[in-house]
There are 2 protein chains.
Amino acid sequence: MKQTKVVIDGQKLHYSSELARALAHPLRLKILEFLDRNQEVNVNKIYNTLRIEQSITSQHLKVLRTAGVVDYVKEGKYAKYYIKYDVVARAEKAVNRFLGKE
Amino acid sequence: MKQTKVVIDGQKLHYSSELARALAHPLRLKILEFLDRNQEVNVNKIYNTLRIEQSITSQHLKVLRTAGVVDYVKEGKYAKYYIKYDVVARAEKAVNRFLGKE
DNA sequence: TTATATTAATAAAAATCTTAATATCATAGA
DNA sequence: TCTATGATATTAAGATTTTTATTAATATAA
């Protein structure tokens, strides 16, 4: 058995699972996909296009924000959301670890 | 705004979020990491090494099994678990979509 | 006042943990 | 043989915690 001494620490473990948790809901993936296709969209556009309740959309956006997957800039009365691709890239690396690609 | 007509269908959306959900717990990531370092380990080895309650380990393994991330072969009284890397690879592709790598 | 968006409160649903029960296999011993 | 015992692992039942949805209230900019 190979068994390395380097074990993933609790911090990273927690962070990774938080990230996975943010992606663990169909609506959130749907929102992310929409943001991926349209950079800088306001909330109104999101819930009107995807036919999601305004409040629900806002709450899911908060989960994504907390996980650091998205962020937004305020423009007048609009909130323009966008994906934080660097964070998603880090998620990818985590997956890569399982595949021994690094 | 570019907005393609091809939208991810409900099936895939559901499947992807199921997969994310399976990874959305520190203990499950810990177990997966252990399985990644040691191919074909029995349950006893998992919970003794990681210091997790037997029953909890079994329940988390079930979640991982249901999501299709791991599977096992029965060998006598042992159940040898292993990661289904092909499934993890598909998870990676999903992440790649967000990065426009395919 | 209206449009945009978030937050609060609470109800409903799902996930997790705890503890106990069950199932299966291997084997020691009558 | 057979049956009892120990080791392995899963499952069941419940209580607890966390997520999600619903609805109403709040905040802010035009």
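Note that the structure is predicted; figures quoted are calculated from it, not measured. By convention in this document, chain letters (A, B, ...) are assigned in the order of the sequence lines, proteins followed by strands, and residues within each chain are numbered from 1.
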### Message
For the residue pair Tyr72(B) / Asn42(B), report whether a side-chain donor-acceptor contact shorter than 3.5 Å exists.
### Response
no

#### Entry: SB check Arg21(B) Glu18(B) (cutoff 4.0 Å)
yes

### Task
If a protein heavy atom is under 4.0 Å from the base, mark B; if only from the sugar-phosphate, S; if neither, -; do that for nucleotides 11-20 of chain C going 5' to 3'.
----SSBBBB

### Task
Give one of base, sugar-phosphate or nothing for Tyr81(A), where a contact means two heavy atoms less than 4.0 Å apart.
sugar-phosphate

#### Entry: Donor + acceptor pair across side chains of Gln59(A), Ser55(A) (<3.5 Å)
yes

## Note on the structure
Min and max contacting nt of DNA chain D in 5' to 3' order, chain A heavy atoms within under 4.0 angstrom, are dT19(D) to dA30(D)

### Query
With a 4.5 Å heavy-atom cut-off, do Tyr81(B) and Arg65(B) have their side chains touching?
yes

### Query
Sub-3.5 Å donor-acceptor pair from the side chain of Thr49(A) to the main-chain atoms of Lys45(A), do we have one?
yes

### Query
Does Tyr47(A) share a hydrophobic cluster with Leu35(A), counting links as ILVMFWY side-chain heavy atoms below 4.5 Å and allowing steps through other members?
yes

### Task
May I ask you to say what Lys74(B) touches in the nucleic acid, namely base, sugar-phosphate or nothing, with a heavy-atom cut-off under 4.0 Å?
nothing

### Query
Any donor-acceptor pair under 3.5 Å linking the side chain of Thr57(A) with the backbone of Glu53(A)?
yes

### Query
Tyr72(A) near the nucleic acid: base, sugar-phosphate alone, or nothing, with a heavy-atom cut-off under 4.0 Å?
nothing

### Message
Go nucleotide by nucleotide along DNA chain D from the 5' end; which of Gln54(A) and Ala79(B) gets its closest nucleotide reached first?
### Response
Ala79(B)

### Query
Same cluster or not: are Leu61(B) and Phe34(B) linked, directly or through other Ile, Leu, Val, Met, Phe, Trp or Tyr residues, by side-chain heavy atoms under 4.5 angstrom apart?
yes

